[in-house]
There are 2 protein chains.
Amino acid sequence: MKAKSDALRKRTRKNGPEAEGGTTTRLPHAERKAQILEIASDFFADYGLTAQTRRLAEECGISQRLLYRFFPTKEDLVAEVYRKEIVGAFKAVWFVELQDRSRSMEDRLSHFYEDYTEQTLTRKWLRLFMYASLSESSMAPDYISSIITQLLEVIMSETAAECGVELPDDRDVIREMGWTLHGAISHYAIRRHLYHASQAVPLKRVVKIQVRLFLNGFADMVQSAAEETG
Amino acid sequence: MKAKSDALRKRTRKNGPEAEGGTTTRLPHAERKAQILEIASDFFADYGLTAQTRRLAEECGISQRLLYRFFPTKEDLVAEVYRKEIVGAFKAVWFVELQDRSRSMEDRLSHFYEDYTEQTLTRKWLRLFMYASLSESSMAPDYISSIITQLLEVIMSETAAECGVELPDDRDVIREMGWTLHGAISHYAIRRHLYHASQAVPLKRVVKIQVRLFLNGFADMVQSAAEETG
DNA sequence: TTCCAAAGTCGTCAATTGACGACAATTTGA
DNA sequence: TCAAATTGTCGTCAATTGACGACTTTGGAA
């Protein structure tokens, strides 16, 4: 039953598959896995979650077969990329800073959204998130949405406190009001990184415009919403 | 009628490709092509621009080969779907209505964004547009962006007229201010149809919140922008 | 009825693509 | 020094997938 053990005794006659750049150095398990995940996140962000394992392996400078020593299936690999790059992109410190009442709300919001846009709403993050959203398998949308929900509620209650207004009871409406600012900023990042538009006005100025508009209309918006409910 | 019974007699020899529903009736060229485009737009919106021609053909109730009687390549088919569904989704009447100064700006904006969200920012439109944006081939983004640019400028100048303020010279900044509203509404549609979130508050109310916030903060936003420039 | 152009299908090819068994090369430790 | 463990590659399989040549079916005009 050992048919071809002798027949296929071949050496690597030609040069390795990676002529340029990457010398295939041997790496311990954990390191190689980390390297694959690192490269894979850029790779899938660029070419979509359906991009081929062969090209990814090539980009890593390793054989395609080796990928399967670390991840049982391609789907597992994609899921790990998603967990690391998407879910892991939220900083807990933002929640703390947004509730630091020694600073003005305009200051807190401006700084937060500048940071958030630069660090989380990157091209890579947005593309991965969008590819994942479009694929039926909703990787882990609940976790994301619960983070954003919390964020919106913190922003709304902090702003209400500074403005001296009381929020209505309906939490869906509260969140929707928070989305006026958060959605506008998110959409700015989307059209910048996904639509390749809106490059003219620098981030700081955009954030300032958005935050100002939000704060100026805040009291009125909350009051309208409260009246509407009754 | 005779024709009908004939049609029923006519069964493909074995199990026809479509057992349920679609009888493979012979259609003239133009009709069949229109039918394919119609089904293809839903199909590609659901499964992405990389979805397979065989499944599309199955959904149309025709053989895969027949697709190539109408479209030289799959790419051409996708491009036609894009042109029909994405570019063709903007109504010229919106521009007229937005400039009807017999109505209040709040009224005009509310009605426009309700219409626009319901008729253009649909699940199908958003998914097709996003798939196209993510693929490197930027189908026709210039056309879209020029429409939106015009729209933003109309909204900004009409609102400025009603509020009795003067817009700054920098058209990039003017557009960015228009994006505060347009982006927030667009993002509402995105999270509703692409992220499957934000279903709780009905469209009318969301539009009202967004439009109110925009109009309340408008004069202040424009003034801040004008000061900033100098 | 006859004939033909249009409408439609079958079967296949070549290139991809996820997955994996078998084997080779290198490191490690006693 | 040598054998086990670890790291890595080769080659291949089966299923997909875009594309298309060759063929069959159909309806209407002469």
Side-chain angles (χ1 to χ4, degrees), chain A residues 1-19 22-36 40 43-44 47-79, chain B residues 1-19 22-36 40 43-44 47-79:
Chain A
M1 289 313 194
K2 50 191 300 297
K4 56 208 168 184
S5 52
D6 303 307
L8 291 180
R9 180 115 36 119
K10 264 166 91 177
R11 292 191 44 82
T12 53
R13 335 185 291 193
K14 323 181 358 174
N15 289 341
E18 17 56 47
T23 345
T24 307
T25 38
R26 270 170 103 96
L27 291 181
H29 192 86
E31 262 179 70
R32 179 66 83 192
K33 183 168 182 176
Q35 183 213 33
I36 291 174
F43 178 76
F44 286 124
Y47 305 115
L49 306 185
T50 61
Q52 307 80 6
T53 55
R54 274 174 179 77
R55 270 197 258 282
L56 170 59
E58 195 180 346
E59 210 128 312
C60 293
I62 59 176
S63 69
Q64 183 233 7
R65 182 65 173 85
L66 191 54
L67 292 177
Y68 289 85
R69 290 259 184 279
F70 302 92
F71 309 96
T73 68
K74 181 189 170 187
E75 201 180 347
D76 290 289
L77 168 54
V78 169
Chain B
M1 294 304 249
K2 178 171 173 308
K4 232 170 230 167
S5 59
D6 268 352
L8 286 179
R9 282 170 79 85
K10 203 124 342 167
R11 325 183 60 187
T12 38
R13 332 174 291 182
K14 303 174 37 176
N15 44 349
E18 17 52 47
T23 349
T24 307
T25 38
R26 249 168 199 252
L27 290 182
H29 191 88
E31 261 178 71
R32 179 66 83 192
K33 183 167 181 176
Q35 184 212 32
I36 291 174
F43 178 76
F44 286 124
Y47 305 115
L49 306 185
T50 61
Q52 307 82 6
T53 56
R54 273 173 180 78
R55 269 197 259 280
L56 170 60
E58 194 180 347
E59 211 127 313
C60 294
I62 59 176
S63 70
Q64 183 233 8
R65 182 63 175 87
L66 191 53
L67 292 177
Y68 288 86
R69 291 261 183 278
F70 302 92
F71 309 96
T73 68
K74 181 189 169 188
E75 201 180 346
D76 290 289
L77 168 54
V78 169

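Letters A, B, ... are given to chains in the order of the sequence lines, protein chains preceding strands, and every chain is numbered from 1. This one's a predicted model, so the numbers in the text were calculated from it and none came from an experiment.
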Using whole Å, report how far CD of A:Glu58 lies from P of D:dC10. 12 Å

Just how far, in rounded Å, is C1' of D:dT6 from CD of A:Glu31? 14 Å

Report the C-alpha distance between B:Lys74 and B:Phe71 in whole Å, list the side-chain angles of each, state the deciding distance to 0.1 Å, and finish with yes or no for side-chain contact (heavy atoms from CB on, under 4.5 Å). CA-CA 7 Å; B:Lys74 181 189 169 188; B:Phe71 309 96; over 6 Å; no

5'-most contact on DNA chain C: B:Pro28 or A:Pro72, nearest heavy atom basis? B:Pro28

Side chains of A:Tyr47 and A:Arg55: closer than 4.5 Å at any heavy-atom pair? no

With a 4.5 Å limit on heavy-atom distance, are the side chains of A:Val78 and A:Glu75 in contact? no

Within less than 4.0 Å of OP1 or OP2 of D:dG8, is there a side-chain N or O belonging to A:Arg32? yes

Can you give me the closest heavy-atom contact between A:Ala40 and A:Leu56, atom names plus distance? CA-CD1, 3.7 Å

How long is the line joining CZ of A:Phe70 and P of C:dA19, in whole Å? 16 Å

For A:Thr25 against A:Arg32, the heavy-atom pair lying closest together: O-NH2, 2.7 Å

What I want to check is whether an N or O donor and acceptor connect the side chain of A:Arg65 with the base of D:dG11 at under 3.5 Å. no

So which nucleotide from D:dC10, C:dA7, D:dT7 ends up closest to the side chain of A:His29? D:dT7

In whole angstroms, the gap separating P of C:dT9 from CG of B:Leu27 amounts to 11 Å

Locate the shortest heavy-atom distance separating A:Leu67 from A:Thr53; write the atom from each residue and the value. CD1-O, 3.5 Å

Provide a list of protein-nucleic acid N or O atom pairs under 3.5 angstrom, restricted to nucleotides 15-18 of chain D.
from: D:dT17; atom 1: OP1; to: B:Gln52; atom 2: NE2; distance (Å): 2.4
from: D:dG18; atom 1: OP1; to: B:Lys74; atom 2: NZ; distance (Å): 3.0
from: D:dG18; atom 1: OP2; to: B:Thr53; atom 2: N; distance (Å): 2.9
from: D:dG18; atom 1: OP2; to: B:Thr53; atom 2: OG1; distance (Å): 2.9
from: D:dG18; atom 1: N7; to: B:Arg54; atom 2: NH1; distance (Å): 2.8
from: D:dG18; atom 1: O6; to: B:Arg54; atom 2: NH2; distance (Å): 2.9

